Amino acid sequence: MPSQKTILRALAGEILPTPPIWMMRQAGRYLPEYKATRAQAGDFLSLCYNPDLAAEVTLQPIRRYGFDAAILFADILLLPQALGADLWFVTGEGPRLSTITTQSGLDGLKPADSVNEHLSPIYETVRILARELPHETTLIGFAGSPWTVATYMIAGKGTPDQGPAHALKTENRVVFDGLIDLITEATIVYLSAQIEAGAEVVKLFDSWAGSLEGEDFQRYSIEPMRRITAALKTAHPTTPIIAFPRGAGAHYSGLHAAIGADCIALDDGVKAEWAAKEVQTGGCVQGNLASSHMVSGGDALVSETRAIVEAFAGGGHIFNLGHGITPDADPENVQLMIDTVRGK
Ligand code: 1CP
């Protein structure tokens, strides 16, 4: 029997009268209830590894807004930690990791098939959510793409231009390729386990795809995501996959086929009318309202939301932002966006 969940119907390419909706970083610091639970957990990583509290913050935006999907509360940097990297968060600055830039550093990491033990609390969060979510809400699991995860493992932090990762790629291709391969294999293990625990859809975040040019974009953004998708489709053929190569620009064209993904998530750097012709013809798309509208609100939010719904009305579409909602967003603007999408 076909699924009645709206997200799964849109992912299958069905045209729905109203696109289903969820939001990147929907559990986050713009919500007072998130800040309260995070304070209760003590710090961000303790929140990620506490299944009851991680499930609670995943559920908060579902209770408040009735989104069509919940995204597992975790982080893309938990996988490097499971591979043996040190990970900590500096208040007001962000994540820090021990760096991998040499063969001996790479050799010191754990094998891909060993990550499940460290990540078992995350699978427990998924199991809790699979039990507790409303029956109409789809549960999305996720991981970072190998390139994006590698940029953090090489630099030890977020960087504006991913310079250290580009430098290692030029200076020591053997180590760089070895790291990409290890992350690729570990991501297959991680996402398979999320699916087995109850994730109904998985998403790959390639947040820094836009800094890869020419042949590098194909080799280090698309190819690892294609490998992960192919392996997941073999083991779990009915689980839809969303790929988000942020900043792909003109390269967004044709990516469903190139990656083998059911859905391509669009950032707000591409025009919806262009993407409807060039990307949505290949399958479902997700996106792509600029997250700045969640701060500024008003008529511009309403008209831009309507324009995106209209542009993608001819195919599978999941309404979303072009990137994560920011801590300075106004929760009332989120409600205005939802009401506009749902025609209220
Ligand atoms: O202080 C806090 O509470 C931490 C802020 C925060 C949150 C809410 C971080 C730190 N991670 C998260 C959760 C998170 N991260 C989710 C949960 C589910 C949801 O969307 O509601 C997801 C899917 C992510 C994914 C993630 N983490 C990405 C990919 C998506 C994107 O935003 O591009 C990336 C790049 C990260 C790394 C990361 N984690 C946190 C921060 C501040 C960063 C970025 C660091 C940097 O580049 O400097």
Side-chain angles (χ1 to χ4, degrees), residues 22-50 53-62 64-65 67 69-81 85 87-97 122 125-126 129 139-165 187 190-191 194 199 201-211 242-248 265 267-269 286-287 291 294 320-329 334:
W22 68 280
M23 212 171 52
M24 279 185 267
R25 290 277 169 97
Q26 63 191 21
R29 282 172 293 174
Y30 74 105
L31 287 180
E33 58 268 37
Y34 169 86
K35 283 193 269 197
T37 311
R38 201 193 127 161
Q40 192 188 337
D43 60 70
F44 176 69
L45 283 177
S46 304
L47 177 55
C48 290
Y49 287 115
N50 181 321
L53 295 184
E56 166 58 23
V57 291
T58 306
L59 289 164
Q60 285 168 350
I62 308 304
R64 186 190 265 255
Y65 297 115
F67 283 118
I71 183 158
L72 164 69
F73 189 85
D75 195 78
I76 67 164
L77 301 177
L78 305 184
L79 185 72
Q81 194 179 30
L87 171 67
W88 66 102
F89 277 76
V90 179
T91 310
E93 290 186 31
R96 294 289 181 273
L97 294 120
I122 311 308
T125 307
V126 174
L129 289 166
L139 177 56
I140 303 177
F142 75 93
S145 76
W147 159 249
T148 288
V149 173
T151 66
Y152 289 96
M153 291 184 80
I154 295 164
K157 59 182 179 180
T159 48
D161 57 359
Q162 297 74 59
T187 303
Y190 185 32
L191 290 178
Q194 289 185 30
V201 173
V202 291
K203 178 169 175 184
L204 282 166
F205 285 90
D206 204 355
S207 303
W208 301 118
S211 81
I242 304 172
F244 180 38
R246 188 167 77 92
D267 62 75
D268 52 277
Q286 178 176 282
S291 45
M294 298 301 101
N320 206 303
L321 302 176
H323 200 198
I325 187 167
T326 50
D328 55 346
V334 176

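Just so it is clear, the model here is predicted, and its values are computed rather than measured. Order of appearance sets the numbers: ligands from 1, and atoms from 1 within every ligand.
- Contact atoms of ligand 1 toward A27: 8 (C), 21 (O) (distance under 4.0 Å to a heavy atom of the residue).
- Remark: I140 CD1 to L129 CG distance equals 12.0 Å, nearest 0.5 Å.
- Nearest protein neighbour of atom 48 (O) of ligand 1, counting heavy atoms only, is G158 CA, 3.5 Å.
- A donor-acceptor contact shorter than 3.5 Å is absent between the side chain of S145 and the backbone of L204.
- Considering CH2 of W22 and CG of N320, their distance stands at 5.0 Å, rounded to 0.5 Å.
- Of the candidates Q60, E93, R29, it is R29 that places a heavy atom closest to atom 5 (C) of ligand 1.
- Near Y34, meaning under 4.0 Å from one of its heavy atoms, ligand 1 places the atoms 2 (C), 3 (O), 8 (C).
- Remark: side-chain polar atoms of D267 are not paired, donor with acceptor, to backbone N or O of H323 under 3.5 angstrom.
- For atom 43 (C) of ligand 1, the closest non-hydrogen atom on the protein side is R25 NH2, 4.0 Å.
- Within the listing of ligand 1, atoms 45 (C) sit less than 4.0 angstrom from a heavy atom of P95.
- The distance from the OG1 atom of T125 to the CG atom of N50 is 8.0 Å, given to the nearest 0.5 Å.
- Comparing heavy-atom distances from atom 35 (C) of ligand 1 across F244, W208, Y152 singles out Y152 as nearest.
- At a 3.5 angstrom cut-off on N or O pairs, R246 does not count as close to ligand 1.
- The CG atom of L87 sits 10.0 Å away from atom CE of M153, with the distance rounded to the nearest 0.5 Å.
- Using a 4.0 Å cut-off between charged side-chain N and carboxylate O, E93 and K157 make no salt bridge.
- Remark: the E56 side chain and the T37 side chain contain no N/O donor-acceptor pair separated by less than 3.5 Å.
- Within the 4.0 Å heavy-atom cutoff, F89 counts among the residues contacting ligand 1.
- Close approach to A74 involves these atoms of ligand 1, each under 4.0 Å from a residue heavy atom: 13 (C), 14 (C), 15 (N), 16 (C), 17 (C).
- W208 contributes no side-chain N or O that, together with a main-chain N or O of W147, makes up a donor-acceptor pair within less than 3.5 Å.
- Rounding to the nearest 0.5 Å gives a distance of 8.5 Å between CD1 of I76 and CZ of F205.
- Residue-ligand proximity: P327 is placed with every non-hydrogen atom at 4.0 Å or more from ligand 1.
- Less than 4.0 angstrom separates some heavy atom of L72 from each of these atoms of ligand 1: 17 (C), 18 (C).
- At least one heavy atom of H323 lies less than 4.0 angstrom from ligand 1.
- Looking only at protein heavy atoms, the nearest one to atom 22 (C) of ligand 1 is F142 CZ, 3.6 Å.
- The atoms of ligand 1 that sit less than 4.0 Å from any heavy atom of R38 are 1 (O), 2 (C), 3 (O), 4 (C).
- Under a 3.5 Å cut-off, the side chain of Q194 and the backbone N or O of F142 do form a donor-acceptor pair.
- Of the listed residues (T37, D75, T58, L45), the one carrying the non-hydrogen atom nearest atom 27 (N) of ligand 1 is D75.
- Using a 4.0 Å cut-off to heavy atoms of S207, the atoms of ligand 1 that qualify are 29 (C), 30 (C), 31 (C), 33 (O), 35 (C).
- Scanning all protein heavy atoms for the shortest distance to atom 4 (C) of ligand 1 gives F44 CD1, 3.6 Å.
- Put simply, the side chain of Q26 gets close to the backbone of A69: a donor and an acceptor are under 3.5 Å apart.
- Shortest contact from atom 25 (C) of ligand 1 to any protein heavy atom: I76 CG2, 3.7 Å.
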